[in-house]
Enquirer: 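Would you mind keeping the following structure in view while I ask a few things?
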Protein chains: 4
Amino acid sequence: MVPPTSATGRRRRLPPEQRERQVLDAAVRVFSRVGFHDASMDDVAEQAGLSKPMVYTHGGGSKEELLRRCIRREADRLLTSVAQAAGARAAPGEDRATEDRLRRGLRAYFATLTTHRDGWSVLYRQARTGTLADEVHRARARIVDRVAELLAAELPGPDPADTRTLATPLAAALVGAAEGLADWSASGGTEDPEALTELLLALVWTGLARLRDHRPEP
Amino acid sequence: MVPPTSATGRRRRLPPEQRERQVLDAAVRVFSRVGFHDASMDDVAEQAGLSKPMVYTHGGGSKEELLRRCIRREADRLLTSVAQAAGARAAPGEDRATEDRLRRGLRAYFATLTTHRDGWSVLYRQARTGTLADEVHRARARIVDRVAELLAAELPGPDPADTRTLATPLAAALVGAAEGLADWSASGGTEDPEALTELLLALVWTGLARLRDHRPEP
Amino acid sequence: MVPPTSATGRRRRLPPEQRERQVLDAAVRVFSRVGFHDASMDDVAEQAGLSKPMVYTHGGGSKEELLRRCIRREADRLLTSVAQAAGARAAPGEDRATEDRLRRGLRAYFATLTTHRDGWSVLYRQARTGTLADEVHRARARIVDRVAELLAAELPGPDPADTRTLATPLAAALVGAAEGLADWSASGGTEDPEALTELLLALVWTGLARLRDHRPEP
Amino acid sequence: MVPPTSATGRRRRLPPEQRERQVLDAAVRVFSRVGFHDASMDDVAEQAGLSKPMVYTHGGGSKEELLRRCIRREADRLLTSVAQAAGARAAPGEDRATEDRLRRGLRAYFATLTTHRDGWSVLYRQARTGTLADEVHRARARIVDRVAELLAAELPGPDPADTRTLATPLAAALVGAAEGLADWSASGGTEDPEALTELLLALVWTGLARLRDHRPEP
DNA sequence: TATGAATGAGCATTCATTCAT
DNA sequence: CATGAATGAATGCTCATTCAT
């Protein structure tokens, strides 16, 4: 918050990575609080404790590019966290393995969103319209795809093609449900990733299991 | 598109309600297409075939108020549609009735979103940040609450208090899942409300049924 | 200088042509005094007694376009003045006619430049570099061409092609000489168009006459 | 273009005069190509193969001062070249001598402009407005004065005061004519200094001769 | 000395909003 | 009532200039 000052003077030189982090942190914060359009580059600069030219130099050269980088960073953070937690694909037949992987993934998802309240969950809504719609769409699609992959491994129905076709909308619904829970969590609900995860699994797991066995309705 | 003109070529006087509808229709269209912030009041006026002062007079006096009214109207449209379809609260014990009510509600939900692509689903994302965040939040909360009510009737566990506590996050998850499916639908998936509904029900119904029987995991 | 006010209020509505003239007058003045690049649109607005948006609305929408229009207007003013004064092409053989036409043209040239000190002679130098170089070049070329035409009528040497080839550089030199005199006039020399004209004619007329008779040096 | 580097790869220390030349060369080049205002100090530094602080240190400390020095240097170059070519003042009565001196001066003038296209002829237009107007004016005045001196020697009319009064505007016109021809030359005309010189002399010499004999119009 | 890094200050442009007609 | 015309207030972005190393 306070501009870094050296012992002898006012301006300290910092390595570019630190500056970029400084700028992106400030931008994520400001964009999340007041919204991308209502935020001015002055706001970002002030939040970062830097001058505006620094924001431009280390933020990509334009307000839009700055948002793009914020989105990318937060999406990466989330995706990496979830992917690592979910781990490698389970061997076919390992029933519980998939459920556990989903569980671990969801925990990581909620944990990340809870820890970085200003990050992805707020940011990505800012840009669904306008020039960055594609960027956001791709970022979110990566997450959905990752989940779809996970589900596809779990839904080896008679027709593999059908399975993939089924897995994507299911993943979309699942991610949407997680987002809905995260919203609820943010506006008063529990913030415990564990509880959120179990709730969501309780809601969908048996449905997924049934779909896996290809008996959509008994 | 062309403003109605009288025989003399001057604009015909219209009753205020029609004027307001004209303005809101134009605003919803423009805001949805180019986004709230990128849209100018000139754009709205042109789309409405009116002068800018008319837009101010009949649109609430400010751009923000105009968006607020758009959001309210579209949220009402959606909520009304879903509530009517779901019908009155079912008597406790009517098993299938609840499922059917949920089914009818979801169908109405997807049908409305599909039919009015420019409406709620686009609008509410525009305003989740900034001054109207609360407005949007409240509008969405009404929907979630309505669903929670529906689910609460279905989850008459031993402790009614717990039940309500459980119903709200479940409703949040369910609405989120529906939004996720709607997004997927909008970006290439099927647009058939029937199919979307059945998919979502297949995913969550057994889970809901289990939760109702209070056996969260066998 | 003072913003036009109506009896009852602050802002008076004016026909577009008057507004445009008001804006261009101010722009020519400001650009001439401090130079195009050092002048701000605020300066122009203040000079015009208008708000900046008015300058944009009636000045072409950008600073560059504003300069373009200034240049065009001043060039037109000068060219029209000179062309009218020089009159129609003289019949071949009318010796004195050409000299008189040249004389009348030069008088108009100096008179215009003297009367509108802030106009062309200052403006056109502002833009010889940059995007408007072509615009300026064309404007100046029209003047040189007009003079070349006049001279060509006067130099009906044995080979018409050679004549035209000769007339252009001579016109360029003549216009340059006039500009040089105008500069001198502006920085302390006489401002009498009559005197300037006679001086220039005395300098070049016999040379032109000799060239006409095709005896470049006796 | 590439800065001279020592064996260790660090830039070699150069004597200040060479540094200044390096900086001025780069500045003249850049200012001529993109124009003073559109050129940035970064551009100059890059063109010079130096860092920006070096440009400030050896270029006078400010962008404006840098331009001033460029203008001075190029004006000196031109004036020196012309003055040397024209040689010492001729003794009164030496008829042809003056014509020859004028001829040699013009040749040098055109030759210099043609050889250094990036120099004076481009530079001095950049600065005729704004803070450096005076500087440019003075530089140009030196040239005009030198020519006026030359002409004054040639016009020893009855009244010496009148003569000087006459010589200055004539010189202004002559220099203007030369500039006009140089412009024409730069935009497609011949670049041969010899041809340009003879053309201009043919245009003005007899006029000058007549004026010398004090018979302004036969 | 020579420089990469940092900033203060300015400027073109846009728009929501409001009079005067 | 309805509107064309006008403006105040912002905001994104750049660049000459200067430290701290």
Side-chain angles (χ1 to χ4, degrees), chain A residues 3-16 19 37-45 50-59 61-64 66, chain B residues 3 10-14 16 19 37-45 50-58 61-64 66, chain C residues 3-16 19 37-45 50-58 61-64 66, chain D residues 3 10-14 16 19 37-45 50-58 61-66:
Chain A
T5 56
S6 76
T8 61
R10 211 157 33 83
R11 301 181 285 185
R12 183 160 63 183
R13 297 168 57 160
L14 248 51
R19 282 287 188 226
H37 283 99
D38 291 341
S40 73
M41 291 301 259
D42 283 280
D43 293 341
V44 176
L50 292 173
S51 68
K52 230 182 327 174
M54 293 306 298
V55 174
Y56 277 88
T57 303
H58 297 278
S62 78
K63 197 186 175 190
E64 186 177 309
L66 181 57
Chain B
R10 299 190 47 79
R11 285 201 186 76
R12 199 194 308 159
R13 288 275 266 293
L14 250 50
R19 281 283 190 231
H37 284 97
D38 291 342
S40 72
M41 292 300 260
D42 284 276
D43 294 338
V44 176
L50 293 173
S51 70
K52 234 186 319 178
M54 291 301 287
V55 174
Y56 276 85
T57 303
H58 296 278
S62 79
K63 196 187 178 190
E64 189 177 303
L66 182 56
Chain C
T5 56
S6 76
T8 61
R10 211 157 34 82
R11 301 181 283 186
R12 183 161 63 183
R13 297 168 58 160
L14 248 51
R19 283 286 188 226
H37 284 100
D38 291 341
S40 72
M41 291 300 259
D42 283 279
D43 293 340
V44 176
L50 292 173
S51 68
K52 232 184 322 177
M54 293 307 298
V55 174
Y56 277 86
T57 303
H58 297 278
S62 77
K63 198 186 176 190
E64 187 177 310
L66 181 57
Chain D
R10 299 191 46 78
R11 284 203 185 73
R12 198 193 308 158
R13 289 273 267 290
L14 249 50
R19 281 284 190 230
H37 284 98
D38 291 341
S40 72
M41 292 300 261
D42 285 276
D43 293 339
V44 176
L50 293 173
S51 69
K52 234 184 321 177
M54 291 301 287
V55 174
Y56 275 85
T57 303
H58 297 278
S62 79
K63 196 187 179 191
E64 189 177 304
E65 176 63 22
L66 182 55

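Convention: sequence-line order gives letters A, B, ...; per-chain numbering from 1.
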Enquirer: Toward the 5' end of DNA chain F, which comes first, C:Pro53 or A:Ala39, by nearest nucleotide?
Expert: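 In this pair, the answer is C:Pro53.
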Enquirer: What does A:His58 touch in the nucleic acid at a heavy-atom separation under 4.0 angstrom: a base, only the sugar-phosphate, or nothing?
Expert: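 Answer is sugar-phosphate: A:His58 comes under 4.0 Å of backbone atoms only.
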Enquirer: Report which part of the nucleic acid A:Ser62 touches: base, sugar-phosphate, or nothing (heavy-atom distance under 4.0 Å, all strands).
Expert: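 Here A:Ser62 touches the backbone only, sparing every base.
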Enquirer: Could you provide the dot-bracket string of DNA chain E, using ( ) for intrastrand pairs, [ ] for crossing pairs and | for bases paired to another strand, with Watson-Crick or G-U pairs below 3.5 Å?
Expert: .||||||||||||||||||||
Enquirer: Using whole Å, report how far CE of A:Met54 lies from P of F:dA20.
Expert: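 From A:Met54 CE to F:dA20 P: 15 Å.
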Enquirer: Starting at CG of B:Asp42 and ending at P of E:dT17, how long is that distance when rounded to a whole Å?
Expert: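 So the two atoms are 12 Å apart, to the nearest Å.
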Enquirer: Report the distance from atom CG of B:Asp43 to atom P of E:dT17, rounded to the nearest whole Å.
Expert: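 Nearest whole value for this atom pair: 14 Å.
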Enquirer: Rounded at 0.5 Å granularity, tell me how far OG1 in A:Thr57 sits from CZ in A:Arg19.
Expert: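 With rounding to 0.5 Å, OG1 (A:Thr57) is 10.5 Å from CZ (A:Arg19).
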Enquirer: For A:Thr57 and C:Lys63, take the nucleotide of DNA chain E holding the closest heavy atom to each; which residue's nucleotide lies nearer the 5' end?
Expert: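 Checking each residue's closest nucleotide, the 5'-ward one belongs to A:Thr57.
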Enquirer: Rounded to whole Å, please give me the gap between CD in B:Glu64 and P in E:dA16.
Expert: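 Going from CD in B:Glu64 over to P in E:dA16 covers 12 Å.
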Enquirer: What's the closest nucleotide to the B:Ser51 side chain, out of F:dC15, F:dT11, F:dG4?
Expert: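 Between F:dC15, F:dT11, F:dG4, the one nearest the side chain of B:Ser51 would be F:dG4.
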Enquirer: Identify which nucleotide among F:dC13, F:dT7, E:dT3 has an atom closest to any side-chain atom of A:Tyr56, counting heavy atoms from C-beta outward.
Expert: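 Nucleotide nearest to A:Tyr56's side chain: F:dC13.
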Enquirer: What is the distance from NZ of A:Lys52 to P of F:dG12, rounded to the nearest Å?
Expert: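 Interatomic distance, NZ of A:Lys52 to P of F:dG12: 7 Å.
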Enquirer: Could you tell me which non-hydrogen atom of B:Ala45 sits nearest to which non-hydrogen atom of B:Ser51, and how far apart they are?
Expert: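 Smallest heavy-atom distance, with atoms named: CB-C, 4.0 Å.
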Enquirer: Can you measure A:Leu66 atom CG to F:dG12 atom C1' for me and round it to whole angstrom units?
Expert: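 Answer to the nearest Å: 12 Å.
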Enquirer: Could you report the tightest heavy-atom contact between A:Val55 and A:Leu66, atom names first, then the distance?
Expert: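 Nearest heavy atoms, A:Val55 then A:Leu66: CG1-CD2, 4.1 Å.
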Enquirer: Could you give the CD-to-P distance, from D:Glu65 to F:dT18, as a whole number of Å?
Expert: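 Those two atoms, CD and P, are 14 Å apart.
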Enquirer: Without decimals, in angstroms, what is the distance between D:His37 NE2 and F:dT14 C1'?
Expert: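 To the nearest whole Å, that distance equals 15 Å.
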Enquirer: Any base atoms under 4.0 Å from B:Ala45, or only sugar-phosphate, or nothing? Heavy atoms, all strands.
Expert: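 Touches nothing.
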Enquirer: 5'-most contact on DNA chain E: C:Met41 or B:Gly61, nearest heavy atom basis?
Expert: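 The residue closer to the strand's 5' end, by nearest nucleotide, is C:Met41.
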Enquirer: When rounded to the nearest 0.5 angstrom, what distance separates CE in B:Met41 from NZ in B:Lys52?
Expert: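 NZ of B:Lys52 is found 8.5 Å from CE of B:Met41.
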Enquirer: Within less than 4.0 Å of OP1 or OP2 of E:dA6, is there a side-chain N or O belonging to A:Arg19?
Expert: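 Yes, because at least one side-chain N or O of A:Arg19 sits under 4.0 Å from OP1 or OP2 of E:dA6.
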